[in-house]
Amino acid sequence: MANTVDKAKIKEAAQAKKRETYVPVVPDMQLGFIHNNVDCIGCRACEIACKDKNGLPPGPRFRRVQYVEGGTYPEVYAYKINMSCNHCAEPACLPTCPTGAIFKRQKDGIVDIDSTLCIGCRRCEAACPFGAPQYNPELNIVQKCNMCVDEIDAGRKPYCVMGCMMRVLDIGPIDKLRDGTHETKARAPHESIVRQVKNMADPELTNPSIVFVAHSKGRVK
Amino acid sequence: MTGDAMTTTKDPSAPVDALDLDRRGFLKTAGALTLSAGLAPIVGAEKAEAFAYEPYPRDDDMETVVTSCAHNCGSRHMLVAHKKGDVIVRLSTDDGRYQKDGFFGKDTEEEPQVRACLRGRSYRSRLYSPERLLYPMIRVGARGEGKFKRASWDEALGQIAEKMVYLRNTYGPTALLDQSYAGASYGVLHKSDQIEGLLGRFMGMFGCRTSSWSVPSYQGTTFSSRITYGTIEDGNEDDAFAHSKLIIMWGWNPAYTFHGGNTFYYMRMAKQRGCKFVLVDPQYTDSASAYDAWWIPIRPNTDAAMMAGMAFEIFAKGWHDQNFINRFVQGMDQGTMPFWAKGQESFKDYILGVSDGQPKTPEWAAEICGVSAADIRKLAEMYATTKPAALKASWSPGRNAYGEQYNRMAAALQAMTGNIGILGGCAEGVGKAWHSEAVAYPYDEFANVWYASIKSDRWAHCVLNYPNLKREEIGLWPRNDQLDGVIPNIRGIFWQGSDWLNQLTNINKQLQAIKKLDLIVCMDSTITPSGIWADYLLPVATHFERHDVALPWYKGHYYIHRPKVIQPLGESKTDFQIFTELAYRLGFGPQYNPRATRAYFNDDTAVDEAYLMAWWDKVQHHQHVEMSWEEFKKRGIYKFKLDKPHVAFRDQVEKGMPFQTPSGRIEIFSTVLAQTPDWTKTQYGYPIPAIPKWVEPWESLNSPKTKQFPFHLVTPHPRWRTHSIFNNIPWLRETFEQEVTINASDARKLGIKTGDTVEVWNDRGKCIVPAYVTERCMPGVAVLHEGAWMDLDKDGIDRSGNPDFLTLDEPSPAGAFAYNTILVNIGKTNLAHKPGWDQLSTARSHVFRRDL
């Protein structure tokens with residue numbers, strides 16, 4: 001993409017970007033993810049659904065199911081942390097973009113990258129504390145999860161959520177996911193919600209739009 | 001125009017010409033107005049947009065076709081193809097919209113969505129993979145060298161037909177071996193089945209067929225279910241699991257192997273309703289973590305001993321359900337022995353040591369299985385006192401030397417606690433549940449004709465030793481004619497949707513045997529490790545490229561329509577087309593495919609439709625379905641609504657109907673086994689006790705051979721392949737890799753870290769694979785998943801990490817493959833592992849796309 005893009009337009013957009021002072025978009029409603037770290041079997045159907053939806057080659061992985069295990073035989077434990085882009089309230093990637101390719105939707109707070117404006121500089125990749133932006137060497141651009149905005153706009157849910165065999169991954173208005181008022185199969189009624197799990201970057205950095213049902217060994221303090 | 005994302009913020013007063021919705025032009029005007037308040041709009045600034053690259057086909061802009069996955073995995077899920085022209089652009093899965101009275105998001109306990117797994121979701125990558133076979137090919141190099149030339153269908157089929165006739169006329173009716181199954185062809189019409197599929201019928205009608213009777217996946221379990229219950233339909237539907245109070249996953253990993261469409265999900269419901277879980281397994285699996293199970297690590301192959309210890313405890317504490325035993329069971333104790341066998345050893349006699357002087361106490365069992373007597377007692381108490389409780393005795397511990405004894409012992413525990421025929425209990429076993437209408441292909445007296453039938457993993461032994469072997473060595477199935485006991489003279493093999501050379505035990509021995517054959521035909525959609533050894537490669541259309549209906553494989557009560565989503569790639573044909581054309585060349589075309597003419601080879605549309613319509617007619621009548629064939633085709637799925645969860649043997653237990661055994665009871669003491677006079681004349685070949693017993697396997701952590709080979713290797717099914725299928729899919733490759741799992745303390749002793757390349761070897765072979773070091777595996781045990789595509793180096797060492805270079809081709813008496821009875825040694829190596837497959841340049845074909 002970057003190899004065939006209109007260079008004059010890139011230049012123009014970059015100049016426009018420089019004139020701006022970055023102010024985070026405050027969305028009308030922020031969508032976010034919920035994932036149940038315990039009940040997830042780690043099958044990665046969500047990952048493959050995402051690869052297929054976005055037509056990705058091997059390499060970039062918009063969604064990553066991370067396997068965590070610990071303990072000493074035979075007292076062991078394991079759980080999964082499933083993350084793509086957290087569509088942060090204050091996305092660290094956005095202000096780093098020199099061409100203005102990264103944007104946040106007013107309607108639902110989804111953060112996306114315009115691939116026709118991306119020049120593949122990979123600054124956003126370095127800035128994101130969660131590893132969401134994925135470099136695609138074939139296209140020489142950075143891509144990432146956009147929560148399947150086409151599906152959202154069609155009144156449906158993203159491919160990963162609709163592909164989850166255990167129904168442990170879902171989306172919803174992040175405020176309601178946080179206070180437990182959003183109906184979702186990802187969480188059983190007795191299960192509590194956390195914003196952060198062990199080994200995950202501090203949510204204060206960017207205010208990520210994701211919550212978890214945490215494993216007892218994955219709780220932070 | 002793909003500006004949906006922005007249109008919501010568009011200023012309605014902006015002058016947008018609907019006829020000139022050029023993206024850039026539009027954005028310059030409307031998009032500039034989306035800046036936050038307080039900032040002046042920048043005239044002419046470029047604004048970012050979703051899916052800016054063109055064209056981005058949205059699902060709603062494309063044609064939607066419901067279909068399903070197709071592989072031999074134990075489940076079946078919906079795939080929804082979104083296609084443009086004749087190309088599948090992406091796949092989604094069931095979202096509740098397609099069924100009758102469906103809507104987006106509908107996902108009830110009664111009619112859950114049947115969502116595809118990672119393998120199903122990766123199908124597009126297989127469909128358009130570089131490994132697709134696109135035209136017939138004929139071997140030109142040495143066998144196994146992988147050199148082929150392109151041929152016409154006429155040339156390839158002409159040569160095959162000629163050689164078939166020659167082999168039959170020269171070597172007799174057993175010269176051709178049927179190795180079908182484990183592949184990609186499971187539907188009501190295009191069915192590759194080990195026993196009764198399209199290939200078996202074709203070869204039987206031709207008059208030359210040696211059949212392979214033992215099923216690699218679960219022959220020990222099948223034997224147990226048939227002997228104990230008289231049927232393999234001993235399974236509950238998956239929703240029944242939601243009603244258990246205790247689920248013991250014995251060697252069962254439903255997070256990896258999906259038995260039924262939603263078993264894993266119903267078990268999550270059970271957990272939320274307070275069900276407790278136990279895992280008996282050498283590995284702490286993802287199932288253990290997801291269900292928060294009590295993990296009991298056990299030495300491989302010693303399951304029957306631990307179960308005997310549990311039975312002792314249950315008898316000793318009087319926790320057994322004597323009423324249930326008296327009413328439904330034969331041979332649990334002396335009181336339930338048949339009159340003709342009074343005084344023979346009952347199960348309780350064996351457990352208490354009445355006849356052999358060895359009570360099977362938890363202490364006795366602990367010595368063998370490595371589980372403490374206290375834990376055996378605790379589990380026995382949990383299982384016997386929690387009602388209802390499901391002991392799910394999976395197939396994997398049955399894939400062992402004397403694996404049938406484990407499954408039989410599990411059935412004894414299920415019966416003595418009265419957990420059979422009740423909701424929340426479990427009698428599995430094989431676990432086949434709801435009975436589907438399974439056959440749309442011609443089914444007649446030729447459905448399963450054979451002239452010899454052998455234990456499937458003994459074919460190489462047979463070829464290498466012919467004619468100097470005894471019938472029991474190859475498990476020859478008895479016949480009532482002059483062919484009884486005649487050792488087959490196997491001169492050729494047909495593979496249909498099967499990669500058995502890569503998947504059967506002791507590959508090195510198979511490679512010796514395969515060089516002796518005169519004809520090898522491989523029919524598949526992609527090149528496979530087996531295909532490399534073929535003389536003829538015939539390209540088979542995938543399930544996206546032919547018309548069929550998908551069955552739930554094992555559990556689940558639904559049918560999924562599988563239309564011809566796209567035209568077959570290249571010159572590929574369906575296997576039914578290929579067999580029909582071959583049958584015409586051999587003189588029995590009209591009999592083989594009664595609805596077709598020879599033109600079927602070029603157009604199968606009308607004939608396949610006719611077969612499937614006739615099948616739907618049976619569904620409507622036998623299963624009281626009112627939906628029309630046309631509506632079924634339009635919707636793509638029919639989900640049955642059951643008035644209550646299907647539970648095996650509910651009628652027997654609630655209404656007193658007889659079990660399908662000779663005695664009409666659950667046979668812990670088997671009528672058939674007790675009355676077998678000469679084992680060599682049976683397909684088993686060797687004695688099998690009439691009651692379940694602990695029998696020492698020929699290799700285990702308890703045998704002296706551990707001095708030389710200290711690790712017990714188990715070879716479970718991977719999550720990222722279906723046997724060997726999907727091994728070539730890059731998407732799946734990057735999520736998991738082939739690796740041998742070992743315990744951290746063992747690894748420390750060997751100086752091995754995660755990621756080190758190691759060699760795993762024994763006296764049968766060697767393979768090279770990276771190590772994964774973890775605390776989640778029992779010390780002394782190694783785990784290597786089956787199905788990696790073998791990749792031999794010049795010294796005959798497998799660089800891919802295929803465990804079947806290490807397995808022994810010695811089946812258990814009842815026919816169970818000994819896939820998990822392997823001692824090995826492990827050490828670091830300088831040899832390179834080959835995760836890919838780089839010997840296939842001559843067999844690979846390029847992908848071509850038609851109109852996108």
Side-chain angles (χ1 to χ4, degrees), chain A residues 1 9 12-13 16 19-21 23 25-26 38-45 47-49 51-53 55 57-59 61 69-74 76-79 100-103 105-107 112-117 146 149-151 153-156 159 162-167 185 188, chain B residues 4-5 8-9 34 36 38-39 42 44-53 56 58-60 90-93 95 104 107 115-118 121-122 124-125 255 262 264-265 268 271-272 284 286-290 292 295 297 719 730-735 743-745 774-779:
Chain A
M1 296 277 173
K9 282 202 158 60
E12 185 189 357
R19 290 198 298 270
E20 288 181 27
T21 305
V23 178
V25 168
V26 179
V38 184
D39 291 359
C40 174
I41 55 175
C43 73
R44 290 181 162 149
E47 283 195 31
I48 305 297
K51 294 283 262 196
D52 191 35
K53 165 68 164 60
R61 290 165 77 177
E69 63 178 56
T72 306
Y73 175 86
V76 294
Y77 64 87
Y79 61 91
I102 303 181
F103 64 101
R105 295 218 302 185
Q106 182 68 41
K107 182 169 83 162
D112 197 1
I113 306 177
D114 184 328
S115 56
T116 59
L117 296 176
N146 64 2
V149 281
D150 52 332
E151 290 294 291
D153 290 341
R156 299 188 291 262
Y159 263 51
M162 294 312 293
C164 181
M165 303 184 86
M166 286 291 271
R167 286 76 160 172
K185 289 185 177 178
Chain B
D4 295 10
T8 50
T9 53
T34 63
S36 302
L39 288 173
I42 299 146
E46 198 63 28
K47 283 310 291 182
E49 192 196 6
F51 299 123
Y53 43 97
Y56 185 81
R58 287 152 200 266
D59 287 2
D60 295 340
R90 70 176 71 98
L91 295 170
S92 64
T93 190
D95 60 15
F104 177 80
D107 188 25
R115 295 183 175 186
C117 77
L118 74 166
R121 300 305 295 255
S122 77
R124 207 167 55 83
S125 189
N262 274 301
F264 40 81
Y265 176 49
R268 180 172 179 235
K271 180 180 154 189
Q272 291 180 353
Y284 184 80
D286 282 349
S287 300
S289 62
D292 196 18
W295 178 36
R719 167 188 265 164
W731 286 346
L732 299 174
R733 278 272 177 83
E734 74 176 353
T735 52
N743 173 276
S745 61
T774 179
E775 300 284 352
R776 294 172 63 177
C777 179
M778 189 179 188

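Proteins come first, then strands; the chains are lettered A, B, ... in the order of their sequence lines, and each starts at number 1.
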Next on the checklist: Tell me the closest heavy-atom pair linking B:Thr774 and A:Glu69, and the distance in Å.
Outcome noted: OG1-OE2, 2.6 Å
Checklist entry - Any side-chain heavy-atom pair from A:Tyr79 and B:Ser289 closer than 4.5 angstrom? => result no
Next on the checklist: Testing the basics here: between B:Glu734 and A:Gly59, what is the closest heavy-atom pair and its distance to 0.1 Å?
Outcome noted: OE1-N, 2.8 Å
Item to check | Distance (rounded to the nearest 0.5 Å) between B:Arg115 CZ and A:Met165 CE | outcome: 9.5 Å
Item to check | Verdict with supporting geometry, B:Leu118 and A:Glu47, side chain to side chain contact (heavy atoms under 4.5 Å, CB included) | outcome: CA-CA 8 Å; B:Leu118 74 166; A:Glu47 283 195 31; over 6 Å; no
Item to check | Pair A:Asp150 + B:Arg58: basic N to acidic O under 4.0 Å | outcome: no
Item to check | For A:Met162 against B:Asp95, the heavy-atom pair lying closest together | outcome: CE-CB, 3.4 Å
Checklist outcome for this item: Closest heavy-atom pair, B:Asp286 versus A:Ile41, reported as atoms and distance to 0.1 Å, is OD2-O, 3.4 Å
Checklist outcome for this item: Assert top hit (heavy-atom pairs under 4.5 Å, partner chain A, pool B:Pro779, B:Ser125, B:Ala288) equals B:Pro779
Item to check | Aromatic ring proximity, centroids under 6.0 angstrom, A:Tyr73 and B:Trp295 | outcome: yes
Next on the checklist: So which atom in A:Asp39 and which in B:Arg268 form the shortest heavy-atom distance, rounded to 0.1 Å?
Outcome noted: OD2-NE, 2.7 Å
Checklist entry - What distance separates A:Arg156 CZ from B:Ser92 OG, expressed to the nearest 0.5 Å? => result 8.0 Å
Next on the checklist: Using every non-hydrogen atom in the two residues, find where A:Gly42 and B:Arg719 come nearest and quote the distance to one decimal.
Outcome noted: O-NH1, 2.9 Å
Item to check | Per-residue contact mode, A:Ala101 against chain B (heavy atom under 4.5 angstrom) | outcome: backbone
Checklist entry - B:Arg121 versus A:Asp52: any side-chain heavy-atom pair under 4.5 Å? => result no
Item to check | Check: B:Asp107 main-chain N/O paired with A:Arg167 side-chain donor or acceptor under 3.5 Å | outcome: no
Checklist entry - Non-hydrogen atoms of chain B under 4.5 Å away: do they reach the side chain of A:Cys40, the backbone, both or neither? => result backbone
Checklist entry - B:Phe264 versus chain A, heavy atoms under 4.5 Å apart: side chain, backbone, both or neither? => result both
Checklist entry - Can you check whether B:Thr735 reaches A:Arg61 side chain to side chain, under 4.5 Å on heavy atoms? => result yes
